Amino acid sequence: VTPRELWSKLTAAFHRRKIESDLEDEIQSHIELAKADRMARGVSAEEAARQAAVNFGSITLAKEQAREQRGIRSFAIFAQDARYALRGMRRSPGFTLVAVVTLALGIGLCSMAFAVLSGAFLQPLPGVPDAARLATLENPVTFPSFENFRDHSGLNARMAAYIGPAPVSVGVGDAPAERITGHIVSLEYFSTIGIEPLLGRFFDPAEDRPGEAPVAVVSERFWRIHLHAVPDVIGSAIRINGRPARIVGVAPKDFLGASPLPNAADIYLPVTADARVAPELTGDALHSTAYPRFRVLLRLPPGLSQRAAEARLDAQARLLEDRPSRDKKARLVRVIDGGSLIPLPPEARAMIEVFYGLMVALILTLTCANLAGLILARGAARTREIAIRLSIGADRARLVRQLLTESLVLAALGGLGALAASRALFWLIARFRVDTMPAAWLNWGTDARAAIFTFAIAAAAGIGFGLMPALAVTRPELANALRTGVTTLGNARRRFGLRNLFVVYQMAAAMMLMLIMGASVLGVLGSLNQPAGFEVAPLYVFSVDPARDGLTPEESAALCAGMAERLTGIRAIESVTIADRPPLAPGLPSVEMVAGDRTMQVVLQMSGPRFFATLGAPLVRGAEFTDRDWLPAAIPPAVINRTAAKELFGDADPLGREIRQGARTFQVIGVAAYDQPQVLINKPVSVMFVPFTAKDAWRAAALGITVVVRARGPLDMAAIRGLLDPRMTMFHQQTLRESIDETMRGARIAMAFYLPIGAFGLVLACVGLAGVTAQTVERRRKEIGIRMALGARRSQLLGLIMREGATMVGIGACMGCIGAYAMARVLAAIWSPLAQIVSGSTNPWLTLFIPALLISLAALACYVPARRSSSIDPLIALREE
Amino acid sequence: MGKKLDLLQGTLDLLVLQTLASMGPLHGYGIARRIEQQSGDEVLLNEGTIYAALVRLQQRGWISGVWGASDNNRRAKYYSLTRSGRKRLTEETSYWQRLSTVIGRVLSPSEGGKK
């Protein structure tokens with residue numbers, strides 16, 4: 001078959017009427033011509049007509065042969081069915097509307113889930129060619145071990161090391177310095193990533209000649225925004241962390257570093273830079289084996305798998321290991337995917353994929369069950385039509401096919417609606433956009449994959465919700481419906497079985513969705529509103545970074561020591577303290593602490609004198625740090641929060657007890673009412689505070705030094721700057737409330753996504769139940785009429801209908817709870833941190849409120865249509881047929 | 001009169017193409033009549049079956065049809081050979097000639113008898 005022939009066959013279906021009438025005319029003309037021809041030869045008119053007809057043969061056969069030749073039979077039938085379906089939809093607009101909206105929402109949510117998945121987790125690094133070949137080590141290493149991997153592992157792969165994200169204070173011209181994020185990179189960084197500079201050059205081995213001004217490469221974005229995209233930027237001077245430097249190159253467009261989340265890199269410094277320029281390199285970073293701070297990037301050549309690379313590097317790491325490792329099986333080195341926006345260890349990725357997969361499956365099957373119920377109910381109303389068509393010889397397969405086509409047409413409409421719905425949902429979520437994230441993030445709507453996915457789901461849904469009801473409705477014994485009447489009880493019961501199944505499934509799926517989404521939403525809400533143990537309203541925070549502002553360690557220490565005294569000179573300020581990060585910031589890494597025989601994961605925070613007094617957090621026992629603790633002590637004191645006290649010491653008095661962390665030992669001097677929230681787990685975290693000492697003042701931490709202020713009104717930053725040091729840049733100025741909310745932004749986005757899913761499940765299940773109950777009442781009209789005639793009270797009848805609904809709801813709800821529990825267990829088994837969340841979320845709100853919500857709404861959905869049973873007039877019900 | 005010949009699969013298309021090539025544009029009846037006459041009324045042809053062939057040939061782009069008026073002023077659809085139809089006819093004709101030669105040779109008694 002040539003393409004041309006196929007095309008004409010496909011298009012034939014669309015101007016069928018024209019072609020048919022053409023053929024009809026042609027055959028007429030043929031017979032006329034034949035007749036005239038014969039008459040011209042002297043045959044009588046009657047005989048000529050007879051001969052013409054005989055010679056032509058069967059007109060019907062000729063037409064049928066031409067038709068068969070013209071189109072593809074199945075396609076023509078499909079077109080016919082589709083036209084029929086569209087006509088049917090016009091006749092029942094209510095049903096069509098509900099069905100299309102349900103589908104659109106269901107599919108829309110699914111494609112959104114897919115977009116989140118692909119947008120966040122399947123997105124390659126922006127601006128990186130062939131990102132799939134990039135890999136990274138899960139944990140940072142020291143520079144010597146990077147060099148060992150690079151030079152001695154024999155691995156045929158490009159390798160680079162970098163520190164990042166590192167905050168960098170950058171000043172251009174006379175403008176005040178601005179704090180941006182950068183990477184401190186080894187020379188192989190850019191060649192491993194595989195990019196060429198847009199302007200100038202990248203770093204070369206001669207970069208660390210003494211006496212020469214430090215060099216930097218800036219991002220195209222930085223060049224555009226801060227340097228006004230001037231072409232002769234190469235060689236121009238900027239200030240980096242208070243030191244002069246010059247720009248040697250501009251990175252290509254879109255490239256935002258090897259790990260653009262959460263902070264895209266806008267400046268690149270070489271690892272050979274002076275520690276005064278890059279404080280992250282303090283302590284001879286290139287030779288120190290003290291603490292691992294370099295992230296390693298690998299570009300694997302084709303044919304070298306991550307596993308193979310991991311085995312090679314692991315073997316190399318073991319060579320250096322002086323003591324044989326306790327666990328032979330555990331890898332010392334793990335290679336993970338480095339080319340995605342979010343590098344994830346495989347098990348977290350599996351967890352996310354399973355989670356989204358299950359969610360999509362739940363939403364979709366829920367939608368399908370709902371629509372199947374709807375179509376089945378409609379099919380019941382159409383039983384007579386179908387019975388007639390079967391009895392006059394319609395092929396059952398042909399009927400099933402036609403009903404299936406109807407569903408597919410509906411699904412296609414739903415798919416179109418879904419595109420609109422997902423657009424709307426994206427718009428909604430985009431309002432929660434996080435500014436620090438690169439543009440690639442949340443750049444969904446236009447994803448062609450999501451659109452293809454949407455229509456694939458629509459088609460699958462069409463078959464899913466179309467096939468079962470189609471088979472049920474066209475069951476051969478339904479032909480009996482003609483003889484026996486549709487309302488016969490025996491017949492109705494069996495069909496009811498299938499419909500009941502749909503309702504039970506919907507209830508179960510809705511319960512699962514609501515519990516899972518509820519756990520997530522409550523987790524977020526809970527962490528948003530967790531009481532801290534003190535009032536956060538009058539507290540303000542801002543950060544300073546003396547190291548990056550070019551102050552010497554001595555100046556920094558003096559500044560920090562005098563901070564409180566100087567700032568309390570401002571009238572509105574009541575109290576001031578410092579810390580290494582904003583208080584109550586959730587999602588902090590914890591470290592292992594040992595107290596006696598107990599070992600716990602505890603968050604470590606540094607705090608200055610009068611920290612708890614400033615916060616207003618009461619000390620439950622003991623005292624807090626004073627100015628005496630400013631100088632480092634042999635056994636430093638520690639204040640723990642009450643969660644840590646309970647977990648480390650139980651009911652015993654913690655004062656004076658010792659806590660060990662690695663080689664360090666601390667002595668507990670106080671217990672504070674300071675409840676540190678954590679995301680998703682409604683339980684405060686254990687926190688241990690250690691003194692912020694003079695040697696911590698010149699720190700290279702990414703967050704700088706946080707100044708916490710208790711004040712009677714907004715802070716006057718200009719006045720504060722005047723009192724401190726004019727060289728200093730203040731950043732992250734906000735109220736403590738804002739600071740907490742900001743860290744919760746990701747969780748809020750998640751909530752905006754989970755909430756509609758749970759609500760959708762709830763509404764859909766209730767609509768499904770209401771529809772089925774209404775159908776039940778309608779079908780049992782006659783029975784109800786008889787019961788009423790025999791003296792049943794209206795309340796008894798109502799109870800009869802309600803009981804049926806209650807059974808379905810009850811069974812469904814139980815199954816849903818079991819399903820949700822099982823799903824949580826499965827996810828927890830895949831990804832262990834989740835196990836903590838699962839066990840932490842046995843919240844009474846969740847386990848009582850959600851089932852109660854579902855059941856009461858379901859009862860309402862059942863009651864409203866069931867009440868109609870009491871309005872049935874027995875006389876009318878019994879008389880009508 | 002003996003039994004009429006059934007047309008072999010695919011031969012009707014060739015006959016239609018040849019008819020249009022030698023006669024120029026013709027309507028369906030004209031084509032059918034011409035084939036009957038040319039074959040000396042030896043071919044069994046339900047004239048109606050010609051329409052499926054006409055649809056097929058049009059779909060393949062070998063003929064094209066337009067409505068026009070017949071000699072005695074009746075409306076009829078006239079078919080004519082297209083350029084690719086002419087090419088096709090040459091190919092088909094040479095194919096049939098080779099085939100009939102081969103079949104004739106295989107079936108001829110003198111050659112077969114030798115064996």
Side-chain angles (χ1 to χ4, degrees), chain A residues 1-16 18-41 43 45 48-73 75-76, chain B residues 4 6-7 9-10 12-13 16 19 23 25-37 39 41-79 82-85 87-88 91:
Chain A
V1 179
T2 62
R4 183 192 170 124
E5 192 176 352
L6 190 68
W7 174 246
S8 79
K9 277 170 187 273
L10 283 172
T11 49
F14 295 101
H15 27 261
R16 193 179 56 114
K18 163 97 171 62
I19 291 175
E20 278 292 312
S21 76
D22 234 35
L23 183 63
E24 177 74 43
D25 288 351
E26 211 176 344
I27 290 171
Q28 273 315 316
S29 128
H30 181 117
I31 290 171
E32 294 277 313
L33 283 168
K35 191 177 148 196
D37 197 20
R38 283 181 171 78
M39 279 166 75
R41 278 182 273 150
V43 183
R50 195 191 68 81
Q51 281 183 6
V54 168
N55 271 15
F56 190 86
S58 161
I59 294 179
T60 320
L61 184 66
K63 279 188 185 168
E64 199 50 50
Q65 283 172 340
R67 256 178 233 139
E68 203 159 310
Q69 178 58 48
R70 188 188 316 126
I72 301 161
R73 211 177 117 74
F75 186 77
Chain B
K4 285 196 180 180
D6 258 327
L7 276 180
Q9 189 84 40
L12 183 57
D13 290 8
V16 171
T19 305
M23 301 292 293
L26 268 184
H27 46 65
Y29 171 68
I31 298 170
R33 188 76 203 109
R34 174 74 186 168
I35 292 174
E36 282 165 345
Q37 280 173 351
S39 70
D41 281 330
E42 277 219 72
V43 166
L44 174 75
L45 182 69
N46 268 332
E47 287 169 12
T49 53
I50 205 162
Y51 286 96
L54 288 174
V55 169
R56 183 163 54 242
L57 293 174
Q58 280 189 85
Q59 281 181 339
R60 293 181 185 167
W62 295 338
I63 61 171
S64 60
V66 282
W67 284 94
S70 76
D71 316 335
N72 42 17
N73 245 349
R74 275 173 216 281
R75 229 167 76 82
K77 200 172 188 180
Y78 279 85
Y79 294 93
T82 63
R83 189 192 297 263
S84 68
K87 214 177 107 205
R88 182 71 187 179
E91 288 166 19

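Small disclaimer: the values here were computed from a predicted structure and weren't measured. Within every chain, numbering begins at 1; the chains are lettered A, B, ... in the order of the sequence lines, protein sequences first and strands thereafter.
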Problem - From CG (A:N55) to CD1 (A:I31), nearest 0.5 Å - result: 10.5 Å
Problem - Spacing of A:D25 atom CG and A:E20 atom CD [to the nearest 0.5 Å] - result: 11.0 Å
Completion exercise
Assert top hit (heavy-atom pairs under 4.5 Å, partner chain B, pool A:H30, A:Q65, A:Q28) equals A:H30
Handout entry: Contact winner vs chain A - B:E47, B:H27, B:R33, heavy-atom pairs under 4.5 Å
Key = B:E47
Practice task
Check each atom of B:R74 against the heavy atoms of chain A and say whether the ones under 4.5 Å are side chain, backbone, both or neither.
Solution key: side chain
Problem - Point-to-point distance, once rounded to the nearest 0.5 Å, from CD1 of A:I27 to CD of A:E32 - result: 13.0 Å
Exercise for the section: Drop me the distance from B:I31's CD1 to B:Y79's OH, to the nearest 0.5 angstrom. Expected result: 7.5 Å
